[in-house]
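Working notes, beginning with the structure itself.
The shown structure was predicted, so the numbers you read here are calculated from the model rather than taken from an experiment. As the structure lists them, so they are numbered: ligands from 1, and atoms in each ligand from 1.
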Amino acid sequence: MIHDFTYLKPETLQEALSMLCEHRDDCKIICGGQSLLIVMRQGLLVTDYLIDIKGLKELSYINYSENEGFKIGATTTHRMIETSEMIKQKCPVLSAVEKRLASIQVRNWGTIAGNLAHGDSSGDLAPTLIALDAKIKLASSRGSRIVPLEAFYTGLFETALEKDELVTEVQIPPVRPKTAVAYKKFNLIENDQAIVGVAAAVTVENGGACKEARVVLSNAGVTPIRARSAEMALIGKKLAGPLLVKAGEAASGDADPVSDIHASEDYRRHLVKVLTERMVKQAWGQAVHS
Ligand SMILES: Cc1cc2nc3c(=O)[nH]c(=O)nc-3n(C[C@H](O)[C@H](O)[C@H](O)COP(=O)(O)OP(=O)(O)OC[C@H]3O[C@@H](n4cnc5c(N)ncnc54)[C@H](O)[C@@H]3O)c2cc1C
């Protein structure tokens, strides 16, 4: 049962920030409600005030410039991102990830900021966006700040958001030349949350060696995890079977998964190894031909 609360519907971002400031000790932002209502129904979250920002059209946009890359507003839905021609063209990994994220009903209503702010380590967007070196813009009535998405996750379902802050924008820099990003999740139910997921970003040099790499894991710890040992194993090397195996094993060591009803810790480590090999290979191949 959901406990009683007072429902507030601001008409502007400024109004939302004032409400958030006023009720900071006992309020929660709701946008699409796709994740929040589940935890409220389970009784895991009780709040006196719900501030509904779904109607804030000023936060619903996908902008692109060659210099700055993408700026995506907080209330932009998954479906808008999935179907954006500009994203398909300039950041195809993101539309591919969105296509396999939840059902079309959830994608039609759920939003990019809701997904990220929920702080679920099994989410698909955070690892992909961290591999893309994305940043997140947070605002309060005190002002705004920009945080690397990687630093946004602080613990189990915990983020760097202060009580009076909300997410207003996600910023994705232009993909560098000779760079590609790939993401794959392993899941038991099609389009459901990942048992484990791996995002890999690879930049290649003219000689074919790996110049930069990012390997990011989902649902392999309490937050999205940068598999830095795997990245170090790749940088400066040329693509070869044994290198992929080494990177996969390193990522498996970097993971910190738990056993639960969906999969054991060992199985999750195995999946991290296999998916890292595959995603690094895929990103590398695409980077060479880009
Ligand atoms: C059946 C089902 C399947 C799913 N499958 C997947 C999947 O495969 N992959 C995946 O990644 N996700 C999946 N999800 C999760 C879902 O996609 C996202 O969590 C959802 O998009 C959240 O967006 P929302 O706007 O509905 O957020 P809400 O539910 O409204 O909010 C979620 C959380 O974010 C906070 N919040 C929302 N907007 C802001 C903001 N602008 N600033 C600060 N805090 C904010 C809320 O306070 C709350 O804590 C699934 C969900 C369902 C119900």
Side-chain angles (χ1 to χ4, degrees), residues 2 5 7-10 13 16-17 19-20 23-24 26-42 44-47 49-56 58-61 72-82 94 96-130 136-140 144-145 147 149 152-153 156-170 183-197 199 216 218-219 224 262:
I2 295 185
F5 54 82
Y7 176 79
L8 302 173
K9 193 158 177 59
L13 172 60
L17 294 177
M19 290 173 175
L20 201 48
H23 302 293
R24 51 185 294 156
D26 214 347
C27 77
K28 201 71 189 155
I29 295 287
I30 185 166
C31 198
Q34 300 300 304
S35 293
L36 186 72
L37 289 176
I38 294 175
V39 288
M40 287 182 74
R41 246 186 254 126
Q42 289 169 336
L44 295 171
L45 189 136
V46 176
T47 186
Y49 295 91
L50 264 193
I51 304 176
D52 183 356
I53 61 166
K54 179 76 178 165
L56 297 186
E58 66 194 285
L59 294 183
S60 177
Y61 55 85
I72 305 178
T75 63
T76 307
T77 64
H78 297 294
R79 184 75 177 144
M80 284 169 68
I81 298 169
E82 176 194 349
L94 193 53
V97 168
E98 289 284 15
K99 214 180 172 92
R100 290 199 63 215
L101 186 152
S103 60
I104 196 161
Q105 291 89 342
V106 172
R107 297 202 295 276
N108 263 330
W109 209 244
T111 60
I112 184 167
N115 184 287
L116 297 175
H118 186 47
D120 185 344
S121 86
S122 71
D124 297 312
L125 287 184
T128 310
L129 290 168
I130 292 170
I136 192 162
K137 188 172 177 185
L138 314 178
S140 69
S144 65
R145 62 187 175 124
V147 176
L149 186 58
F152 183 62
Y153 294 100
L156 185 67
F157 287 95
E158 283 179 7
T159 69
L161 273 170
E162 299 286 347
K163 282 181 181 176
D164 62 344
E165 281 182 320
L166 54 74
V167 179
T168 55
E169 188 175 84
V170 176
Y183 175 77
K184 190 162 186 66
K185 65 178 163 186
F186 179 87
N187 48 2
L188 297 176
I189 302 169
E190 186 57 22
N191 287 34
D192 203 359
Q193 311 270 132
I195 300 292
V196 152
V216 194
S218 66
N219 217 5
H262 303 293

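Only side-chain heavy atoms of L161 come within less than 4.0 Å of ligand 1; its backbone N, CA, C and O stay farther off.
Not one N or O of E165 is nearer than 3.5 Å to an N or O of ligand 1, by distance alone. Distances between N or O atoms of W109 and those of ligand 1 include no value under 3.5 Å. Polar contact check, Q193 against ligand 1: a nitrogen or oxygen pair lies under 3.5 Å apart. Considering backbone and side-chain atoms together, G33 places an N or O closer than 3.5 Å to an N or O of ligand 1. Between G32 and ligand 1, a contact under 3.5 Å exists for at least one N or O pair. Considering both main-chain and side-chain atoms, I53 never comes within under 3.5 Å of ligand 1 through any nitrogen or oxygen pair. For ligand 1, the polar-atom distance check finds an N/O of L36 within less than 3.5 Å of one of the ligand's N/O atoms. Close N/O approach between C31 and ligand 1 is found [any backbone or side-chain N/O within under 3.5 Å]. Polar contact with ligand 1: absent for L125 (N/O pair, distance under 3.5 Å).
In this pair, H23 and Y49 present their aromatic rings parallel. The plane angle is below 30°, not in the 30 to 60° band.
With ligand atoms numbered from 1 in the order given, ligand 1 contributes 38 (N), 39 (C), 45 (C), 46 (C), 47 (O) to contacts under 4.0 Å with heavy atoms of I29. Less than 4.0 angstrom separates some heavy atom of H78 from each of these atoms of ligand 1: 17 (O), 20 (C), 21 (O). Listed by number with element, the atoms of ligand 1 under 4.0 Å from a non-hydrogen atom of D124 are 7 (C), 8 (O), 9 (N), 10 (C), 11 (O). Near T111, with a cut-off below 4.0 Å to any heavy atom, the atoms of ligand 1 are 21 (O), 23 (O), 24 (P), 25 (O). Taking every heavy atom of A117 and a limit of under 4.0 angstrom, the matching atoms of ligand 1 come to 34 (O), 35 (C), 36 (N), 43 (C), 44 (N), 45 (C). Atoms of ligand 1 lying under 4.0 Å from at least one heavy atom of A113, given by number and element, are 41 (N). Residue L166 approaches ligand 1 through these ligand atoms, each under 4.0 Å from one of its heavy atoms: 42 (N), 43 (C). Close approach of ligand 1 to G123 is summarised as follows: ligand atoms under 4.0 Å from at least one heavy atom of the residue are 11 (O).
Compare G73, G197, A16, G114 by their heavy atoms: the one nearest to atom 32 (C) of ligand 1 is in G114. Nearest-heavy-atom check against atom 16 (C) of ligand 1 across S35, G110, A194 picks out S35.
Side chain of K54 to backbone of W109: a donor-acceptor contact under 3.5 angstrom is found. Looking only at distances, a side-chain donor or acceptor of Y153 sits under 3.5 Å from a matching main-chain atom of L116. With hydrogens and angles ignored, the 3.5 Å screen pairs a side-chain donor or acceptor of N219 with a backbone N or O of A194. In this structure a side-chain-to-backbone donor-acceptor pair under 3.5 Å is missing from R79 to I104. T75 contributes a side-chain N or O that, together with a main-chain N or O of L59, makes up a donor-acceptor pair within less than 3.5 Å. Between the side chain of K185 and the backbone N or O of D192 there is at least one donor-acceptor pair closer than 3.5 Å.
Between S218 and G123, the shortest heavy-atom contact is CB-O, 3.6 Å. The minimum heavy-atom distance between F152 and V147, with the atom names listed, is N-CG1, 4.2 Å.
Closest to atom 43 (C) of ligand 1 among all protein heavy atoms lies V167 N, 3.5 Å. When only non-hydrogen protein atoms are considered, atom 51 (C) of ligand 1 lies nearest to V106 CG1, 4.0 Å. Protein heavy atom closest to atom 49 (O) of ligand 1, with residue, atom name and distance, is K28 CE, 3.3 Å. With hydrogens left out, the protein atom closest to atom 3 (C) of ligand 1 is A102 CB, 3.6 Å, a heavy atom. Counting protein heavy atoms only, atom 53 (C) of ligand 1 is closest to Q34 O, 3.5 Å.
Residues E162 and L138 form no side-chain contact, since every pair of their non-hydrogen atoms from C-beta on lies 4.5 Å or further apart. Taking the side chain as every heavy atom from C-beta outward, Q34 and H78 never approach each other to under 4.5 Å. Considering only heavy atoms from C-beta on, E165 comes within 4.5 Å of R145 through its side chain.
Among the candidates L166, I29, I30, the single residue satisfying the side chain to side chain contact (heavy atoms under 4.5 Å, CB included) test with I51 is I29.
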Practice item. Kindly determine whether L129 and I136 satisfy side-chain contact (heavy atoms from CB on, under 4.5 Å), including the steps that lead there. Key: CA-CA 10 Å; L129 290 168; I136 192 162; over 6 Å; no
Review point. Are V97 and L125 close enough, and set up right, to give a side-chain contact (heavy atoms from CB on, under 4.5 Å), and what steps lead you there?
Key: CA-CA 7 Å; V97 168; L125 287 184; 4.1 Å; yes
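Within the 4.0 Å heavy-atom shell around ligand 1 one finds K185.
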